[in-house]
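These notes are about the structure you will find just below.
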Amino acid sequence: MSSNLNLNNNVKPVLRWAGSKKRLLNRLMAKVPSNFERYVEPFCGSIVLHIALCPPKAYVGDINIELINFYNNLKLYPEEVAEQLHCMPRTKEYYYEIRKKSPSGMSDFERSVRFFYLNRHCFNGVYRTNKKGDFNVPFGSKLSSLPTVEDVTLFSERIKDTCFVASDFQKVVEKTVSGDFLYLDPPYAGGGKDRGEYGVGSFKENDIDRLQDVLKEASQRDVKILLSYADTPKIRECFSSWHIESFEVGRSVSGFARGRKNVKELLISNY
């Protein structure tokens, strides 16, 4: 069965997200299988590829509960979420006032608005928490324009048939079946200090073996798999029998020009 993809990409992601694959979208699109039944993504972030593909069926997950709550509320109340965002002051003082409020005492809708506001006003779209799970990214020095109500409504329409789940990647991958297209873009685990990027419980270097096991099981179920990751000896070893494409990409998370550099990344597929 054809995936019936709608490639008229007039809809853009509404979140800023460090590590977004926006710059690699054309390269990713070239690797997408021509036919599949359902799109599955366990590390969703700003869902750049998902939005570009507009698949008729999609199962999308992430361990970040606030992120998943945001998407689920945007499916239901796009205009209300966007209007609330535009009513909030774009000042450093207000940002820190909102940041210090705990989402635990809020409704799901209020949490989604808070998440959206912090994402659009924080430093470089970074999501980072302390060990208690409190969001701790500073106010951004350069603010971009906010998505309009129309932008958010169009985005909501694009994800209306997507099932979003707050879950560890392994549980999402284990739900895949023959005919699925599985795309994964885990946080690039380094050997340095854990600074809380992507939140509590996010993907770490010691998760790579678990990733290898669950993806090889999915491959045996005839799932088409595409993985993007940093070019490391460990990941090359784990997927040495698969198709591996290496390329350079600019990283721009740093707030200073000297901290931005080209790094090698991989696209790995079982097809």
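Keep in mind that the numbers below use all heavy atoms, side chains included, and drop hydrogens, waters and symmetry copies. For this chain, numbers begin at 1 and follow the sequence in order.
- Minimum interatomic distance between Phe36 and Pro55 (heavy atoms only, all atoms of both residues): CE1-CB, 4.2 Å.
- Between Pro89 and Tyr117, the shortest heavy-atom distance links the atoms O-OH, 2.5 Å.
- Formation of a donor-acceptor pair under 3.5 Å by the Arg114 side chain with backbone atoms of Ile98 is found in this model.
- For the residue pair Asn136/Arg128, the side-chain donor-acceptor check at 3.5 Å is satisfied.
- Side chains of Val60 and Ile159 form no contact here, defined as non-hydrogen atoms less than 4.5 Å apart.
- Using a cutoff of 4.0 Å between basic side-chain nitrogens and carboxylate oxygens, Lys175 and Asp180 are not scored as salt-bridged.
- The main-chain N or O of Thr162 is found under 3.5 Å from a side-chain atom of Lys75 such that the two form a donor-acceptor pair.
- Counting only N and O atoms by type, the side chains of Asp185 and Ser228 include a donor and acceptor under 3.5 Å apart.
- A continuous path of ILVMFWY side-chain contacts below 4.5 Å connects Val48 to Val249, so both sit in one hydrophobic cluster.
- Counting heavy atoms from C-beta outward, Lys264 and Phe247 have side chains that stay 4.5 Å or more apart.
- Using a 4.0 Å cut-off between charged side-chain N and carboxylate O, Arg27 and Glu245 make a salt bridge.
- Remark: the backbone N or O of Lys132 is paired with a side-chain donor or acceptor of Asn130 at under 3.5 angstrom.
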Under the criterion side-chain contact (heavy atoms from CB on, under 4.5 Å), I'd like the reasoning laid out for Ile225 against Phe181: C-alpha separation, chi angles, the key distance, then a yes or no.
CA-CA 6 Å; Ile225 304 169; Phe181 168 47; over 6 Å; no
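- Shown here is Phe139, whose CZ atom has more than 12 heavy atoms of other residues, nucleotides or ligands within 6.0 Å.
- Residues Leu24 and Val263 share a hydrophobic cluster, clusters being chains of Ile/Leu/Val/Met/Phe/Trp/Tyr side chains in contact below 4.5 Å.
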Yes or no on salt bridge (charged side-chain N to carboxylate O under 4.0 Å, His left out) for Asp207 and Arg210, after CA distance, side-chain angles and deciding distance?
CA-CA 5 Å; Asp207 289 311; Arg210 186 161 61 101; 3.0 Å; yes
Leu154 and Glu150: CA distance, side-chain angles, deciding distance, side-chain contact (heavy atoms from CB on, under 4.5 Å) verdict
CA-CA 6 Å; Leu154 288 171; Glu150 182 182 10; 4.1 Å; yes
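- Residues meeting the side-chain hydrogen bond (donor to acceptor under 3.5 Å, both in side chains) test with Asp231, sequence neighbours left out: Arg236, Ser246.
- The side chain to side chain donor-acceptor pair (under 3.5 Å) pairs that include a residue from residues 90-100 are Arg90-His121, where partners are two or more places apart or lie in different chains.
- Under a hydrophobic-cluster definition in which Ile, Leu, Val, Met, Phe, Trp and Tyr are linked whenever side-chain heavy atoms come within less than 4.5 Å, directly or via other members, Leu118 and Val113 are assigned to the same cluster.
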Could you go through the salt bridge (charged side-chain N to carboxylate O under 4.0 Å, His left out) check for Glu157 and Lys160 one step at a time?
CA-CA 5 Å; Glu157 181 68 19; Lys160 67 179 182 179; 2.8 Å; yes
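- Using modelled atom types, no side-chain atom of Lys224 and backbone atom of Ser269 make a donor-acceptor pair closer than 3.5 Å.
- Residues Tyr59 and Val165 have side chains in contact (heavy-atom distance under 4.5 Å, counting atoms from C-beta outward).
- Considering every non-hydrogen atom in both Cys44 and Leu67, the closest pair reads SG-CD2, 3.5 Å.
- Asp209 CG to Asp213 CG: the interatomic distance, rounded to the nearest 0.5 Å, is 7.0 Å.
- How far CD1 of Ile63 is from CD of Gln170: 11.0 Å, rounded to the nearest 0.5 Å.
- There is a side-chain donor-acceptor pair under 3.5 Å between Glu41 and Tyr39.
- The two atoms that bring Asn119 and Arg16 nearest to each other are ND2-O, 2.5 Å, heavy atoms only.
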Check against side-chain contact (heavy atoms from CB on, under 4.5 Å), Phe116 and Val14
CA-CA 9 Å; Phe116 202 7; Val14 297; 4.1 Å; yes
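- Considering only heavy atoms from C-beta on, Pro186 comes within 4.5 Å of Leu227 through its side chain.
- Checking Ser144 against Arg120 by side-chain atom types alone, a donor-acceptor pair falls below 3.5 Å.
- Using the six-membered ring where Trp is involved, Tyr71 and Phe155 have ring planes that are parallel, under 30° apart on the 30 and 60° scheme.
- Note: the hydrophobic cluster containing Val223 does not contain Val177 (ILVMFWY, side chain heavy atoms under 4.5 Å, direct or indirect links).
- Residue Ser219 comes nearest to Asn270 through the heavy atom pair OG-ND2, 3.0 Å, listed as atom of the first residue, atom of the second, then distance.
- Leu53 contributes atom CG, which lies 9.5 Å from atom CZ of Arg158 (distance to the nearest 0.5 angstrom).
- With hydrogens and angles ignored, the 3.5 Å screen pairs no side-chain donor or acceptor of Tyr183 with any backbone N or O of Leu28.
- Remark: side-chain polar atoms of Gln220 are not paired, donor with acceptor, to backbone N or O of Glu217 under 3.5 angstrom.
- For the atom pair NZ (Lys234) and CG (Leu211), the distance works out to 10.5 Å, reported to the nearest 0.5 Å.
- Smallest separation of non-hydrogen atoms from Val172 and Gly61: CG2-CA, 4.2 Å.
- In the displayed structure, Ile65 atom CD1 is contacted under 6.0 Å by at most 12 heavy atoms of other residues, nucleotides or ligands.
- Phe164 pairs in a side-chain contact (heavy atoms from CB on, under 4.5 Å) with only one of the listed residues (Leu74, Asn72, Asn69), which is Asn72.
- Judged purely by distance below 3.5 Å, without hydrogens or angles, the side chains of Thr129 and Asp134 never pair a donor atom with an acceptor atom.
- A salt bridge links Asp108 with Arg111: the distance from a Lys NZ or Arg NE/NH1/NH2 to an Asp or Glu carboxylate oxygen falls below 4.0 Å.
- Annotation: side chain of Val173 is in contact with side chain of Leu184 (closest heavy-atom distance under 4.5 Å).
- Between Leu15 and Phe70 there is a side-chain heavy-atom pair separated by less than 4.5 Å.
- Ring planes of Tyr127 and Trp17: parallel class, angle under 30° (limits at 30 and 60°).
- By the 4.5 Å heavy-atom criterion applied to side chains, Glu265 and Tyr229 are not counted as neighbours.
- Between Leu226 atom CG and Ile268 atom CD1 the span is 9.0 Å, to the nearest 0.5 Å.
- Side-chain contact between Val32 and Leu49 is present, with heavy atoms from C-beta onward closer than 4.5 Å.
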Check against side-chain contact (heavy atoms from CB on, under 4.5 Å), Leu215 and Phe239
CA-CA 10 Å; Leu215 289 190; Phe239 297 97; 3.8 Å; yes
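- We find that Lys171 and Glu174 are not joined by a salt bridge, their nearest charged nitrogen and carboxylate oxygen being 4.0 Å or further apart.
- When hydrophobic clusters are built by joining Ile, Leu, Val, Met, Phe, Trp and Tyr residues whose side-chain heavy atoms come closer than 4.5 Å, directly or via intermediates, Met88 is not grouped with Met106.
- In this structure, the separation between OG on Ser112 and CD on Glu80 is 10.0 Å, given to the nearest 0.5 Å.
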